[in-house]
Amino acid sequence: MVNITFVQPDGSLVNVDAKVGGTLMEAAVNNMVKGIDADCGGACACATCHVYIADEWKTKIQAPEGMESDMLEYAHEPDESSRLSCQVRVTPEMEGLVIRVPSQQS
Ligand code: FES
């Protein structure tokens, strides 16, 4: 398990234990993190699992590609740090990862 923190728009923190090999979305949903609805169940078809991942993690987490990049255009206020959490697999290197939840999803 890897410890990951979700930051809500009001600044409150939710710490979760995420399973290595699972997705960030699954970790959020399993721990009832507010704002990660994941309406399509991880099929990369809804963008309701949109999160922001800080620049300092870019060396450990690949940039979005293909279908994810296309779907991010439908997310609320995407930026350079945007990811669809259903498309990011948890790795041991993510210990301590901090993720921001967009305001429109909570
Ligand atoms: Fe629908 Fe991630 S859960 S795109």
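Counting convention: from 1, in listed order, for ligands and their atoms alike. The analysis underlying the following values was restricted to heavy atoms, covering all of them including side chains, and did not include hydrogens, waters or symmetry mates.
Rounding to the nearest 0.5 angstrom, the gap separating the CD atom in E68 from the SG atom in C44 is 6.0 Å.
Open room surrounds CD on E80; 12 or fewer heavy atoms of other groups in view lie less than 6.0 Å from it. Atom CD of Q62 sits in a sparse spot, with 12 or fewer heavy atoms from other residues, nucleotides or ligands closer than 6.0 Å.
Annotation for Y74: hydrophobic cluster partners, listed by chain and number, are M71, L72, L84 (ILVMFWY side-chain heavy atoms under 4.5 Å, direct or chained). Hydrophobic side-chain contacts under 4.5 Å tie M1 to no other Ile, Leu, Val, Met, Phe, Trp or Tyr residue.
Residues passing the salt bridge (charged side-chain N to carboxylate O under 4.0 Å, His left out) test with K19, sequence neighbours excluded: none.
Only protein N, O or S atoms were scored, and 2 of them lie under 2.8 Å from atom 1 (Fe) of ligand 1.
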